[in-house]
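The residues of the chain are indexed from 1 along the displayed sequence.
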Amino acid sequence: MINNNSVLGIVFGNSHDEMVKELAEVRAMGSVPFGGRYRLIDFTLSNLCNADVDRVGVITKSNYQSLMGHLGSGKPWDLARKNGGLYILPPFAHGDRGVYHGQVDALGGIRGFLTSSHREYVIMCDADVVSNIDLKKMLAAHIESGADITIACKRGVPPLGNDVMKFTTAADGRVTDIDLSPTDGSDKLYSLNITILRRELLIRLVDNAMGHNYTRLAADIYQRRLDELNIHAYEIEGYVAVIDSVDTYVRENMRLLESDVRRELFGGNRPVLTKVRDEMPVRYGLNADVKNSLIADGCVIEGKVENCVLFRGVKVNRGAVVRDSIIMQDTVVGDGADLQYVCTDKDVVITNGKVLRGSENYHVYIRKASVV
């Protein structure tokens with residue numbers, strides 16, 4: 001019988017930082033804000049928590065101070081424990097190799113953590129996937145299939161990136177071919193980089209790859225050893241977003257204004273958990289005008305807001321108009337300012353009377369703590 005003491009979670013906190021350079025300039029991918037009150041890693045950790053995984057290691061690489069501050073002891077995800085719990089794993093490979101290069105090197109650098117965990121299975125996840133996935137069900141399917149490795153996947157247009165795996169599968173779900181060529185815009189069955197396998201198998205595969213100076217999981221293990229490994233694809237239904245660009249980030253935030261998307265992501269009995277920030281409820285001024293917007297706690301609205309996602313602590317002052325925009329935490333929009341198709345990072349100040357215009361396909365992005 002599988003229980004929480006049988007599974008170890010591994011999260012790559014800096015997965016694909018290079019795909020969202022503007023957002024990841026001062027933070028790891030996992031700590032990129034999303035959906036008004038969350039960070040991207042919240043969705044991954046919540047999936048593991050809802051599957052009763054009580055030992056999770058988060059592999060860091062760069063700009064991880066914000067990520068560490070957000071994760072803290074792991075209490076919001078019930079990972080503040082004497083046995084098990086949350087582990088922040090340093091960004092250094094073994095020996096004198098320095099900061100790791102590739103996920104194989106990262107896993108080699110935490111070999112001691114893997115060997116000391118004594119769990120039967122490992123679930124490895126990237127931190128750039130927004131989803132609400134039943135990992136218990138996926139683990140049960142992995143065991144029932146007898147597969148060596150099971151990888152969660154989605155059918156649609158694959159995300160951007162050099163190591164995005166596109167699968168061809170047999171009728172029983174076994175992967176018969178892995179394509180790593182650039183995305184051509186057509187629908188494919190593509191990997192979400194959520195992988196289940198036995199811990200001992202992972203250690204053997206990583207040791208072998210390190211011995212051959214391999215660095216990439218997709219090309220150097222999964223694709224190279226496809227004939228000898230029984231790899232199965234586990235198709236995920238429902239809402240899933242892989243944040244592979246700033247455009248995707250903006251689009252998926254705006255999709256949260258759709259009730260069906262919110263229901264799929266936040267409904268049901270698998271909550272999405274995050275760090276608690278004690279704030280007052282949203283305060284609306286006498287002249288506030290708000291339509292079709294997602295507004296987090298702590299906001300003060302005295303102007304007009306339409307089709308927007310506002311994060312915690314945002315202030316929209318009198319006479320200001322904010323439309324079709326994403327305004328991150330503690331940003332202040334000054335009196336009479338007019339914003340449309342804008343994405344601000346945290347702690348931005350838009351001074352009185354400023355007019356900023358982007359377009360539906362190109363939002364104006366404003367860096368963290370900027371004054372405009």
Side-chain angles (χ1 to χ4, degrees), residues 20 22-23 25-27 31-40 42 66 130 243 246-263 265-266 272 274-372:
V20 289
E22 297 93 333
L23 294 167
E25 183 180 21
V26 294
R27 57 171 71 90
S31 62
V32 170
F34 188 87
R37 63 194 303 265
Y38 302 95
R39 304 294 182 105
L40 290 181
D42 292 340
S66 174
V130 179
I243 307 303
V246 175
D247 288 343
T248 302
Y249 173 82
V250 169
R251 183 183 70 241
E252 297 304 328
N253 267 281
M254 298 305 289
R255 286 192 68 194
L256 295 180
L257 300 180
E258 303 171 20
S259 59
D260 289 346
V261 171
R262 293 197 304 273
R263 190 177 303 113
L265 192 56
F266 301 111
V272 179
T274 189
K275 180 181 178 180
V276 174
R277 172 174 159 171
D278 294 324
E279 288 274 11
M280 65 180 182
V282 181
R283 190 177 75 195
Y284 297 95
L286 293 176
N287 296 314
D289 182 6
V290 179
K291 298 178 182 177
N292 190 39
S293 294
L294 188 65
I295 300 179
D297 50 318
C299 291
V300 178
I301 312 298
E302 296 181 330
K304 182 176 181 178
V305 177
E306 185 174 353
N307 301 327
C308 292
V309 177
L310 270 54
F311 286 68
R312 292 165 166 168
V314 168
K315 293 180 174 59
V316 179
N317 289 342
R318 289 176 296 179
V321 178
V322 185
R323 292 172 291 181
D324 308 301
S325 296
I326 299 166
I327 310 298
M328 291 193 206
Q329 186 169 311
D330 296 322
T331 290
V332 177
V333 181
D335 294 354
D338 190 344
L339 279 58
Q340 186 171 22
Y341 298 119
V342 172
C343 177
T344 77
D345 210 314
K346 295 172 56 178
D347 300 315
V348 168
V349 176
I350 309 296
T351 56
N352 297 344
K354 285 295 184 293
V355 177
L356 299 175
R357 290 276 194 277
S359 68
E360 185 175 359
N361 297 319
Y362 186 84
H363 280 58
V364 174
Y365 174 74
I366 302 174
R367 295 172 62 185
K368 180 180 178 181
S370 297
V371 178
V372 180

side-chain contact (heavy atoms from CB on, under 4.5 Å) assessment of Met280 paired with Val300 = CA-CA 10 Å; Met280 65 180 182; Val300 178; 3.7 Å; yes
Can you give each donor-acceptor pair under 3.5 Å made by side-chain atoms of residues 291-298, sequence neighbours left out, with the distance rounded to 0.1 Å?
residue : atom : partner : partner atom : Å
Asn292  : ND2  : Asn307  : OD1          : 2.7
Ser293  : OG   : Lys291  : O            : 2.9
Ser293  : OG   : Asn307  : N            : 3.2
Ser293  : OG   : Cys308  : N            : 3.1
Asp297  : OD1  : Arg312  : NE           : 3.4

query = Under 3.5 Å, is there a donor-acceptor pair between the side chain of Asp345 and the main chain of Ile366?
reply = no
remark   = Distance col, row Leu310:CG vs Thr331:OG1, nearest 0.5 angstrom, shows 8.5 Å
query = Among pairs that include at least one residue of residues 325-340, which meet salt bridge (charged side-chain N to carboxylate O under 4.0 Å, His left out), considering only residues two or more places apart or in two chains?
reply = Arg277-Asp330, Arg323-Asp338, Asp338-Arg357
ask   = So, the side chain of Arg262 versus the backbone of Leu257: is there a donor-acceptor pair under 3.5 Å, distance only?
value = yes
request  = Might you confirm whether atom CD of Glu279 has over 12 heavy atoms from other residues, nucleotides or ligands at distances under 6.0 Å?
outcome  = yes
query = When rounded to the nearest 0.5 angstrom, what distance separates CZ in Arg283 from CD in Glu302?
reply = 6.5 Å
remark   = Closest non-hydrogen atoms of Val333 and Ala320, given as atom of the first, atom of the second and distance, are CG1-CB, 3.9 Å
message = Counting C-beta onward and ignoring hydrogens, is there a side-chain heavy-atom pair between Val130 and Leu40 closer than 4.5 Å?
response = yes
ask   = Side-chain contact, heavy-atom cut-off 4.5 Å: Val348 with Met328?
value = no
query = So, do Thr274 and Arg37 sit near enough that their side-chain heavy atoms are less than 4.5 Å apart?
reply = yes
task = State, to 0.1 Å, how close Leu339 and Lys354 come at their nearest heavy-atom pair, and which atoms those are.
result = CD1-O, 4.4 Å
ask   = Side chain of His363, backbone of Asp324: donor and acceptor closer than 3.5 Å?
value = yes
query = Roughly how far, to the nearest 0.5 Å, is the CD1 atom of Ile326 from the CZ atom of Phe311?
reply = 7.0 Å
query = If you round to the nearest 0.5 Å, how far is CG of Asp247 from OH of Tyr365?
reply = 13.0 Å
ask   = Is the closest side-chain heavy-atom distance between Leu23 and Ile243 below 4.5 Å?
value = no
key: Contact summary for Arg255 and Val261, nearest pair of heavy atoms   = O-CB, 3.5 Å
task = Might you work through the side-chain contact (heavy atoms from CB on, under 4.5 Å) test for Arg27 and Val32, ending with a clear yes or no?
result = CA-CA 7 Å; Arg27 57 171 71 90; Val32 170; 3.8 Å; yes
message = Once rounded to the nearest 0.5 Å, what's the spacing between atom NZ of Lys315 and atom SG of Cys299?
response = 8.5 Å
query = Does the pair Asp260/Arg263 count as a salt bridge with the N-to-O cut at 4.0 Å?
reply = yes
key: For Lys304, all residues meeting side chain to side chain contact (heavy atoms under 4.5 Å, CB included), sequence neighbours excluded   = Asp289, Glu306, Val321
inquiry  = With side-chain contact (heavy atoms from CB on, under 4.5 Å) as the criterion, how do Tyr38 and Phe266 come out once you've worked through the C-alpha distance, each side chain's angles and the decisive distance to 0.1 Å?
reply    = CA-CA 12 Å; Tyr38 302 95; Phe266 301 111; 3.6 Å; yes
request  = To the nearest 0.5 Å, tell me how far Ser325 OG sits from Asn253 CG.
outcome  = 11.5 Å
key: Heavy-atom closest contact (Gly35 atom, Val309 atom, distance)   = C-CG1, 4.2 Å
ask   = Does the pair Ser66 and Arg39 meet the rule for a side-chain contact (heavy atoms from CB on, under 4.5 Å), with working shown?
value = CA-CA 10 Å; Ser66 174; Arg39 304 294 182 105; 3.3 Å; yes
